[in-house]
Visitor: 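Pasting a structure below so you can have a look.
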There are 2 protein chains.
Amino acid sequence: MKRPARQLYYDDLHEHLGYVLRRAQLAGFEAFRQATHGVDISPARYTAMVIVHANPGLTQSALGAALGTARSGAMTMVDWLEDRGLAERRNRPEDARSWGLFLTPRGETQLRDLKRRVRANDARFAGRLAPSELATLRKLLDKLSG
Amino acid sequence: MKRPARQLYYDDLHEHLGYVLRRAQLAGFEAFRQATHGVDISPARYTAMVIVHANPGLTQSALGAALGTARSGAMTMVDWLEDRGLAERRNRPEDARSWGLFLTPRGETQLRDLKRRVRANDARFAGRLAPSELATLRKLLDKLSG
DNA sequence: TATTGTTATACTCTATAACTATA
DNA sequence: TATAGTTATAGAGTATAACAATA
């Protein structure tokens with residue numbers, strides 16, 4: 001038989017907004033993981049697919065800036081997407097230094113499926129709150145991030 | 001002269017609670033970084049110090065569980081704290097397999113200083129919201145994480 | 001000169017698995 | 001047998017710096 005774990009104290013950690021945000025964000029990652037179970041994807045890569053889809057032809061640098069990573073990080077990201085046939089680099093006539101990024105038909109299809117799943121699970125995750133609470137939360141978080 | 005960056009579209013990312021949480025959490029990390037400028041610390045290590053301080057004598061496994069990491073991660077964490085003279089491992093008479101963790105006097109002093117800084121900066125960061133908004137936000141985030 | 005993509009490299013964080021000593 | 005700590009190892013993720021091609 002297992003001894004009951006000793007009671008742990010957290011001092012005033014729950015007063016720290018950063019700590020509370022971090023915990024909520026980890027719960028969000030976990031919800032995403034469940035929503036995308038069985039698909040080889042991550043929050044960052046999902047974000048990348050959404051952004052490429054919404055901005056067809058954008059450059060790697062622009063993608064990196066949108067994701068908040070260095071150019072080399074965007075490079076790795078696009079390699080990953082291209083290796084799986086989800087996105088492709090095309091020549092840009094107006095600037096031979098850079099590529100234009102596009103989702104492939106397969107990438108579009110997968111993104112549609114992922115969006116459906118993520119939306120449904122987001123609703124389930126957010127379902128811990130009443131609709132009015134959720135609207136308030138989104139507003140307050142945006143205000144905090146701005 | 002630099003060309004103006006092309007307008008970027010984010011589709012419905014801002015509808016996704018996980019995405020909004022992630023952005024807010026990154027803003028929180030940045031606030032922490034500013035608050036602790038010049039001190040060699042991180043949010044996770046700060047959390048570890050707070051928990052050791054609040055639970056003197058706890059084991060590494062208990063610390064790992066509190067931090068949400070594997071035992072080997074707690075090991076690395078405690079090594080880091082011990083190397084800098086901030087915490088120490090003491091023998092536990094009641095169980096020779098495990099250590100009891102304690103902050104050193106130096107650790108206590110540094111934690112006091114850090115707490116002051118983090119609290120002040122937390123107030124500044126949270127200051128983007130009205131006090132009533134902040135209370136609402138904390139409540140909603142806790143509800144979401146629970 | 002400046003920018004884009006690329007490559008090499010390194011550092012942090014974290015997870016797994018195997019080992020040891022104690023229980 | 002189960003658990004705590006330890007160690008080795010590997011995999012993400014990310015940052016910096018240097019280089020070639022192009023602007």
Side-chain angles (χ1 to χ4, degrees), chain A residues 1-6 8 22 25-26 29-30 32-33 36 39-48 52 55 57-84 87-102, chain B residues 1-6 22 25-26 29-30 32-33 36 40-48 52 55 57-84 87-102:
Chain A
M1 184 141 77
K2 208 173 154 185
R3 241 172 322 149
R6 168 147 64 125
L8 262 193
R22 175 66 173 157
Q25 187 257 311
L26 287 175
F29 264 18
E30 176 56 23
F32 181 91
R33 204 187 58 77
T36 59
V39 186
D40 189 14
I41 197 73
S42 73
R45 295 200 252 258
Y46 174 76
T47 301
V52 171
N55 304 274
L58 87 167
T59 64
Q60 279 186 194
S61 293
L63 178 61
L67 296 176
T69 69
R71 284 202 308 279
S72 59
M75 172 83 196
T76 306
M77 176 68 81
V78 176
D79 280 350
W80 189 93
L81 292 170
E82 208 173 45
D83 287 349
R84 282 152 190 80
E88 60 183 9
R89 296 166 160 105
R90 296 191 203 153
N91 284 329
R92 276 164 40 99
E94 69 269 37
D95 189 337
R97 291 174 303 181
S98 53
W99 305 105
L101 303 177
F102 297 86
Chain B
M1 185 140 80
K2 206 174 155 182
R3 241 173 322 149
R6 171 152 56 131
R22 175 67 172 157
Q25 187 256 311
L26 287 175
F29 265 18
E30 176 57 23
F32 181 92
R33 204 187 58 77
T36 58
D40 189 14
I41 197 71
S42 73
R45 294 201 252 258
Y46 174 75
T47 301
V52 171
N55 305 273
L58 87 168
T59 64
Q60 278 186 195
S61 293
L63 178 62
L67 297 175
T69 68
R71 285 203 307 278
S72 59
M75 172 83 197
T76 307
M77 176 69 79
V78 176
D79 280 351
W80 189 91
L81 292 170
E82 208 172 46
D83 287 350
R84 282 153 190 79
E88 60 182 8
R89 296 167 160 104
R90 296 191 203 153
N91 284 328
R92 276 162 43 97
E94 69 270 37
D95 190 338
R97 291 175 302 182
S98 53
W99 305 105
L101 304 177
F102 297 85

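In what follows, every chain begins at residue 1, and chains take the letters A, B, ... in the order their sequences are listed. Computed from heavy atoms alone, side chains included, the values below leave out hydrogens, waters and symmetry copies. No experiment lies behind these values; they were computed from the predicted model shown.
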Visitor: Whole Å only: how far is the CG atom of L67(B) from the P atom of dC13(C)?
Guide: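 Whole-Å distance recorded here is 12 Å.
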Visitor: OP1 or OP2 of dT6(C) sitting under 4.0 Å from any side-chain N/O of R89(A)?
Guide: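 Result: yes.
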Visitor: Quick one: are L67(A) and T47(A) in side-chain contact, heavy atoms under 4.5 Å?
Guide: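 L67(A) reaches T47(A) side chain to side chain.
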Visitor: What integer distance in Å separates F29(A):CZ from dC13(C):P?
Guide: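 In whole Å, dC13(C) P lies 16 Å from F29(A) CZ.
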Visitor: Between P on dT6(D) and CD on E82(B), what's the gap in Å once rounded to a whole number?
Guide: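 The answer, rounded to whole Å, is 9 Å.
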Visitor: Do S61(A) and R71(A) have side-chain N/O donor and acceptor atoms under 3.5 Å apart?
Guide: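 Per modelled atom types, S61(A) and R71(A) side chains form no pair under 3.5 Å.
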Visitor: OP1, OP2 of dT6(D) versus side-chain N and O of W99(B): anything below 4.0 Å?
Guide: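 Result: yes.
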Visitor: Measure from the side-chain N and O atoms of D95(A) to the backbone N and O of R97(A), and report whether any donor-acceptor pair falls under 3.5 Å.
Guide: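 Indeed, once roles are kept as given, a pair shorter than 3.5 Å links the two residues.
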Visitor: Let me have the donor-acceptor pairs involving side chains of residues 74-82 of chain A, under 3.5 Å, with sequence neighbours excluded, atom names and distances please.
Guide:
| residue | atom | partner | partner atom | Å |
| --- | --- | --- | --- | --- |
| T76(A) | OG1 | S72(A) | O | 3.1 |
| D79(A) | OD1 | R89(A) | NH1 | 3.0 |
| D79(A) | OD1 | R89(A) | NH2 | 3.0 |
| E82(A) | OE1 | R89(A) | NH1 | 2.8 |
| E82(A) | OE2 | R89(A) | N | 3.1 |

Visitor: For each nucleotide in nucleotides 7-23 of chain D, reading 5' to 3', give B when a protein heavy atom comes within less than 4.0 Å of its base, S when such contact involves only the sugar-phosphate, and - otherwise.
Guide: B-----S-BB-B---BS
Visitor: Between atom CG in D40(B) and atom P in dT12(C), what is the gap in whole Å?
Guide: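 Distance, rounded to whole Å: 9 Å.
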Visitor: Atom CD of Q60(B) and atom P of dT14(C): how far apart are they, to the nearest Å?
Guide: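 Those two atoms, CD and P, are 15 Å apart.
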Visitor: Donor-acceptor check, side chain of T36(A) to backbone of V39(A), threshold 3.5 angstrom: yes or no?
Guide: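 Such a contact is absent between T36(A) side chain and V39(A) backbone.
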Visitor: On a heavy-atom basis, which atom in P43(B) and which in F29(B) lie closest, and how many Å separate them?
Guide: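 Where P43(B) meets F29(B) most closely, the heavy atoms are CG-CE1, 3.6 Å.
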